[in-house]
Amino acid sequence: MITLAEGLRLPTNGLDYTILALYFIVVLGIGFAAKRSVKTSLDFFLSGRSLPAWVTGLAFVAANLGATEILGMAANGAQYGAYTVHWYWIGAIPAMVFLGLVMMPFYYGSKVRSVPEFLLHRFGPSSHLLSSVIFAVSSVLIAGVNLYAMAIVLQALLGWPQWVAIVVAGFFVLAYITIGGLSSAIYNEVLQFFVILAALIPLTIVGLKRVGGWDGLTDSLSSSHGDAFLTAWKGTGIGEGNPLGANWLTIVLGLGFVMSFGYWTTNFAEVQRALSAKNLSAAKRTPLIAAFPKIFIPLVVVVPGLIALVMEPSLGKSKDGLQYNDAIPVLMRDLLPNGVLGIAVTGLLAAFMAGMAANVSSFNTVFTNDIWAAYLKKGREDAYYLKTGRVVTAVGVLTGMGTAFIAASFSNIMNYLQTLFSFFNVPLFVVFIIGMFWKRTSAAAGFWGLLSGTAAAMVNYFWLYKQGIIAIPSDQGANFVSSIVAFVVGALVMFVVTLCTEPKSAESLAGLVYGTRSPGRAELPAEGDDAWYRKPALLGWSAVVLAALCYIPFSF
């Protein structure tokens with residue numbers, strides 16, 4: 001869990017609280033403004049598929065840029081150094097490009113309202129229901145993580161009791177999503193993206209100035225932690241030891257392929273933003289546009305963790321002192337004057353709310369459309385499902401408050417999130433990727449592949465790793481291994497079951513398998529819309545090249 005030291009109370013004053021109050025007013029104002037466009041369930045759950053690509057692209061990256069990532073990745077930067085950039089340039093950018101270029105045409109072209117609904121068309125109701133339940137459970141668990149972490153942070157920084165922080169933030173997320181639906185969540189995420197940057201960029205610039213610039217930072221860390229601390233790959237050979245507890249093979253396969261692709265291509269909290277785009281071209285550009293700011297996020301998340309380590313060398317040295325999780329709050333306390341401090345606190349709160357809103361909005365869509373409307377209350381009028389969606393939103397927030405304290409059993413919040421991803425997202429990915437590229441894959445194979453992959457990841461983590469049957473140096477390393485196990489077991493089961501069962505008809509797979517096309521399903525981009533920034537291939541390959549260039553300073 002996130003625990004902050006007692007001495008981190010921030011010297012906030014009336015100006016800081018005024019900035020915080022203004023932010024809350026704007027958030028609710030956006031919700032009421034978006035309410036005017038919510039007339040149908042499609043408007044509520046997918047913004048009527050009407051949003052431009054730049055809006056959905058920024059919302060896509062903001063939905064992932066929660067405060068758990070900000071605090072967690074800054075903590076990882078202080079603890080592991082440059083190894084942390086793997087979560088961005090190996091564990092995010094390639095998968096985001098793949099989602100835009102390869103998978104969004106399937107999602108958007110098939111007109112599905114959710115990721116589980118795609119499985120309904122490709123594999124049938126068994127896989128659909130199982131994936132819907134799995135995703136609903138994981139959504140409220142992750143939403144609870146954001147609430148719990150935020151409560152701990154606000155208690156330490158501002159002196160708010162935990163229950164007050166949970167209720168206040170939960171109420172505002174509940175209010176603006178219930179009022180304005182996904183449009184409200186997305187436009188608030190765009191606002192939150194800029195608020196978060198407004199908090200982190202000054203923190204980074206002032207921090208670098210305090211430690212003598214980039215040269216002063218690298219000299220200090222090299223002398224105290226060695227040259228390898230500022231490289232991304234040194235010490236990752238098979239059999240070598242490093243603080244991360246992972247070698248290049250588990251980083252590339254476990255994080256870079258299985259876990260990364262599993263998260264970015266099947267996590268509906270992200271994909272939902274692209275599905276709300278106004279046409280197929282905008283949907284494809286959404287993750288590609290998001291990939292560009294994602295490349296540079298380590299500069300304002302990981303680098304502050306390094307700065308904090310120089311300014312406070314005692315970070316993580318004792319259980320009773322400052323911990324790695326304290327990296328960002330330490331910088332806020334020591335570097336920011338009032339006013340700017342209020343912006344920083346608002347940025348942290350905005351990040352928590354963005355992460356929670358993304359999971360709550362995806363939860364209400366999946367539960368209402370893929371469980372309630374599909375299996376429990378079929379054939380009702382649209383107004384009924386619109387009302388149900390609002391009720392389910394409230395249920396999701398309240399359930400998130402309850403699941404928040406499950407995170408207390410984990411010593412590191414990022415370990416907890418990565419564990420959930422290995423359990424839930426990786427098995428979904430193996431089912432998707434095989435089903436999309438192998439027409440022979442049967443409906444039964446989808447169900448058993450999903451179930452066996454999830455079970456295999458849990459067995460590896462809770463039995464083989466936690467019981468000490470196999471030796472893995474760290475929880476993060478165990479998560480990488482669990483992801484690989486889930487992928488391999490799910491793929492093998494799908495292969496065997498497919499050979500033993502009948503495939504679906506070719507007609508039913510039109511538009512759902514690579515190389516097939518269903519006329520009339522896909523919505524084509526507008527003619528003449530050929531500006532350079534609207535070309536997915538150019539955007540995608542540019543993102544990959546930029547990511548590779550960013551690696552150069554950390555590779556030697």
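Reckoned from all heavy atoms, side chains included, excluding hydrogens, waters and symmetry mates.
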About how many Å separate CZ of Phe423 and OG1 of Thr454, when rounded to the nearest 0.5 Å? 9.5 Å
Nearest-0.5 Å distance that lies between atom CE in Met96 and atom CD1 in Ile289: 10.5 Å
For residues 97-106, which side-chain donor-acceptor pairs fall under 3.5 Å, sequence neighbours excluded?
none

Backbone N or O of Ala274 within a donor-acceptor pair of the Thr286 side chain at under 3.5 Å? no
Atom pair CG (Asp370) and CG (Leu129), whose distance is rounded to the nearest 0.5 Å: 9.5 Å
Determine whether a donor-acceptor pair (N or O, by modelled atom type, separation under 3.5 Å) exists between the side chain of Tyr108 and the backbone of Ala277. yes
Working to the nearest 0.5 Å, report the span between CE of Met494 and CZ of Phe123. 4.5 Å
Measure the OG1-CE distance between Thr419 and Met458 for me, rounded to the nearest 0.5 Å. 10.5 Å
Taking everything shown except Glu381 itself, do over 12 heavy atoms lie less than 6.0 Å from its CD? yes
Determine the interplanar angle of the Phe480 and Trp87 rings, folded into 0 to 90°, and report it as parallel if under 30°, tilted if 30 to 60°, perpendicular if over 60°. tilted
Taking the ring of Phe135 and the ring of Phe367, is the distance between their centroids below 6.0 Å? no
What is the ring orientation for Phe429 with Phe261, classed by angle as parallel under 30°, tilted 30 to 60°, or perpendicular over 60°? tilted
From CG (Leu130) to CG (Leu450), nearest 0.5 Å: 4.5 Å
Who are the salt bridge (charged side-chain N to carboxylate O under 4.0 Å, His left out) partners of Lys504, not counting sequence neighbours? none
Side-chain donor or acceptor of Thr56 paired with backbone N/O of Ala53 under 3.5 Å: yes
